[in-house]
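Comments concern the structure below.
We number each residue from 1, following the sequence as shown. Whatever order the structure lists them in is the order used to number ligands and atoms, beginning at 1.
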Amino acid sequence: MAAASPQTVTAETGAFDAEACVIGAGPSGLAAAKALVDRDIKFDWFEKGSMVGGLWRIDNDNGGAAAYETLHLNSSRPLTQYPSYPMPEGWPDYPSHRLMARYFQDFAEHFGLTERVSFNTPVTHVEPLLGPGRPGACGWAVTTEQGRRCYRYLFVCNGHHSEPRIPDFPGEFTGTSFHAHEYMDPTVFEGKDVLVIGVGNSGMDIACDAARIADRVLLATRHGVHVLPKYAFGRPIDQFGSPLNAYLPFAVERKLYELVLRLSTGRPEDRGLPKPDHRLLSAHPTVSSDLYDRVGHGDIVMKPNIARLDGDSVHFVDGTSEHVDVLVYATGYRVSLPFFDKELYDPAGNAMPLYERVLTPKLPGVFFIGFIQTVGSNIPLMELQSEWAGDLITGAAVLPGEAEMDEWIAADQATMARRYVRSERHTMQVDFWRYARALKQCRRRTTQKPTGLAGHLPRALAGLHR
Ligand SMILES: Cc1cc2nc3c(=O)[nH]c(=O)nc-3n(C[C@H](O)[C@H](O)[C@H](O)COP(=O)(O)OP(=O)(O)OC[C@H]3O[C@@H](n4cnc5c(N)ncnc54)[C@H](O)[C@@H]3O)c2cc1C
């Protein structure tokens with residue numbers, strides 16, 4: 001592949017290596033690639049590892065596999081599949097990571113995507129091309145070991161579950177410790193005293209796995225948590241929602257979910273868990289059908305936050321202390337975009353203020369796909385995001401002006417700050433049905449006059465702002 005010099009590439013000469021570049025071939029990269037293929041837009045596609053499917057491939061050689069042997073979807077099948085490619089009817093409601101890996105492989109083969117990926121090709125650097133206007137207004141140069149190539153558009157699809165976040169507790173722990181990211185199967189817990197820190201989905205799964213085989217399992221939480229069972233009244237719980245939710249005021253939607261939960265499982269504090277310090281949907285809830293039983297059986301003991309580590313003991317903020325052999329940090333992830341220079345784009349604290357959670361006027365032509373989190377699945381939303389981005393490239397949809405986008409971003413950030421417990425965990429939350437509707441509306445925006453950002457863009461990017 002010939003390396004291009006970014007200085008020679010301008011919107012006017014049109015000397016790009018391809019129209020677009022996709023970074024990553026996980027679920028979001030697959031959705032982006034399909035949207036580009038559907039529109040006949042030429043693109044390069046780089047993937048660090050040697051397979052598609054991202055974190056769902058337990059055998060991924062990209063160093064980023066987050067799957068473990070007991071992992072199943074926590075969102076149900078019909079709400080997790082890409083709208084364009086349903087999973088087989090006979091599959092279970094909550095398929096395993098192995099079925100999910102097969103699904104992504106099948107998706108790639110069905111749409112002729114597999115042969116388009118350059119595997120084992122990590123993107124190491126992305127920089128804006130020189131030219132008039134703001135950084136990137138002329139396009140983007142992407143560096144891999146194959147060289148440096150230039151594009152008008154960039155799809156950032158490298159996921160947000162690759163860099164484990166480990167809190168810095170005072171003291172030192174001398175037993176075995178690891179982040180949930182490294183967890184593979186429960187054999188490591190056999191006959192041990194185990195402490196899992198964090199009550200997100202991975203933390204719950206790992207604590208429940210450990211409870212079958214460990215001597216003792218402790219599960220520590222700072223804020224408490226609302227636990228959604230996988231089923232309520234005989235149905236997958238996420239199937240209580242419907243497109244109509246998008247039209248409900250949030251307060252009404254929350255009341256409905258609280259009612260379903262109260263009637264189906266009761267309150268956390270009635271089931272041996274601490275009372276959450278927030279209402280349902282003010283923090284990302286956890287989906288587990290197993291936890292309440294495990295706590296009810298005494299196989300998992302709840303603990304508050306950690307005060308300090310002390311050799312093979314852990315002290316908690318309630319003054320108690322416990323012996324621990326294995327400590328698991330199920331404490332989440334940091335967004336990592338190492339190929340951008342920090343001065344250009346830095347998602348410090350997981351903050352990613354983006355218009356409709358996909359783009360920023362600061363980086364024209366860059367689309368962030370999959371940097372969202374929802375109750376339900378983000379996989380269908382990745383496809384909707386990609387369809388919208390594809391429409392913006394072809395000019396089938398247009399953006400509002402920069403001032404309007406900035407206003408939207410500021411209002412969105414303020415709403416999130418009001419609604420969610422302040423934490424790096426809640427910087428990407430979207431309400432599934434509301435967000436799906438918003439993206440569909442974005443795709444229908446075709447007539448807005450260009451203002452703001454459009455004025456700064458060269459003709460090459462005019463499709464974004466027709
Ligand atoms: C344990 C766990 C359980 C989950 N369960 C669910 C669930 O039940 N339902 C749901 O909807 N979501 C779930 N999620 C959310 C998850 O984020 C998505 O399902 C999905 O895997 C994210 O896809 P992605 O493509 O954005 O990221 P990833 O799956 O992480 O894929 C990113 C890809 O980009 C590649 N890449 C990274 N950096 C580079 C680079 N520099 N150059 C080239 N390639 C690069 C990686 O190798 C990888 O293949 C879960 C997440 C975790 C961690």
Test: [X] and [Y] ion pair at under 4.0 Å:
X      : Y      : result
Glu47  : Arg116 : no
Lys34  : Asp38  : yes
Lys192 : Asp325 : no

Salt bridge (charged side-chain N to carboxylate O under 4.0 Å, His left out) contacts in which one or both residues fall within residues 195-214, not counting sequence neighbours: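 Residue pairs passing salt bridge (charged side-chain N to carboxylate O under 4.0 Å, His left out), neighbours aside: Asp209-Arg212, Arg212-Asp290.
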Are side-chain N/O atoms of Arg437 and Tyr247 paired as donor and acceptor at under 3.5 Å? yes
Using side chain to side chain donor-acceptor pair (under 3.5 Å) as the criterion, point out the one residue from Arg419, Arg357, Gln373 that pairs with Gln429. Gln373
Provide, line by line, the atom pairs where ligand 1 and the protein bring an N/O atom each to a distance under 3.5 Å; else say none.
| residue | atom | partner | partner atom | Å |
| --- | --- | --- | --- | --- |
| ligand 1 | 8 (O) | Asn74 | N | 2.7 |
| ligand 1 | 8 (O) | Asn74 | OD1 | 3.0 |
| ligand 1 | 9 (N) | Ser75 | OG | 2.8 |
| ligand 1 | 11 (O) | Ser377 | OG | 2.6 |
| ligand 1 | 11 (O) | Asn378 | N | 3.2 |
| ligand 1 | 11 (O) | Asn378 | OD1 | 3.4 |
| ligand 1 | 17 (O) | His161 | ND1 | 3.1 |
| ligand 1 | 19 (O) | Trp56 | NE1 | 3.1 |
| ligand 1 | 21 (O) | Trp56 | NE1 | 3.1 |
| ligand 1 | 25 (O) | Pro27 | N | 3.1 |
| ligand 1 | 25 (O) | Ser28 | N | 2.9 |
| ligand 1 | 25 (O) | Ser28 | OG | 2.8 |
| ligand 1 | 26 (O) | Ser28 | OG | 2.9 |
| ligand 1 | 29 (O) | Leu55 | N | 2.9 |
| ligand 1 | 41 (N) | Val123 | O | 3.1 |
| ligand 1 | 42 (N) | Val123 | N | 2.9 |
| ligand 1 | 44 (N) | Lys48 | N | 3.0 |
| ligand 1 | 47 (O) | Glu47 | OE2 | 2.6 |
| ligand 1 | 47 (O) | Asn62 | ND2 | 2.6 |
| ligand 1 | 49 (O) | Glu47 | OE1 | 2.7 |
| ligand 1 | 49 (O) | Glu47 | OE2 | 3.1 |

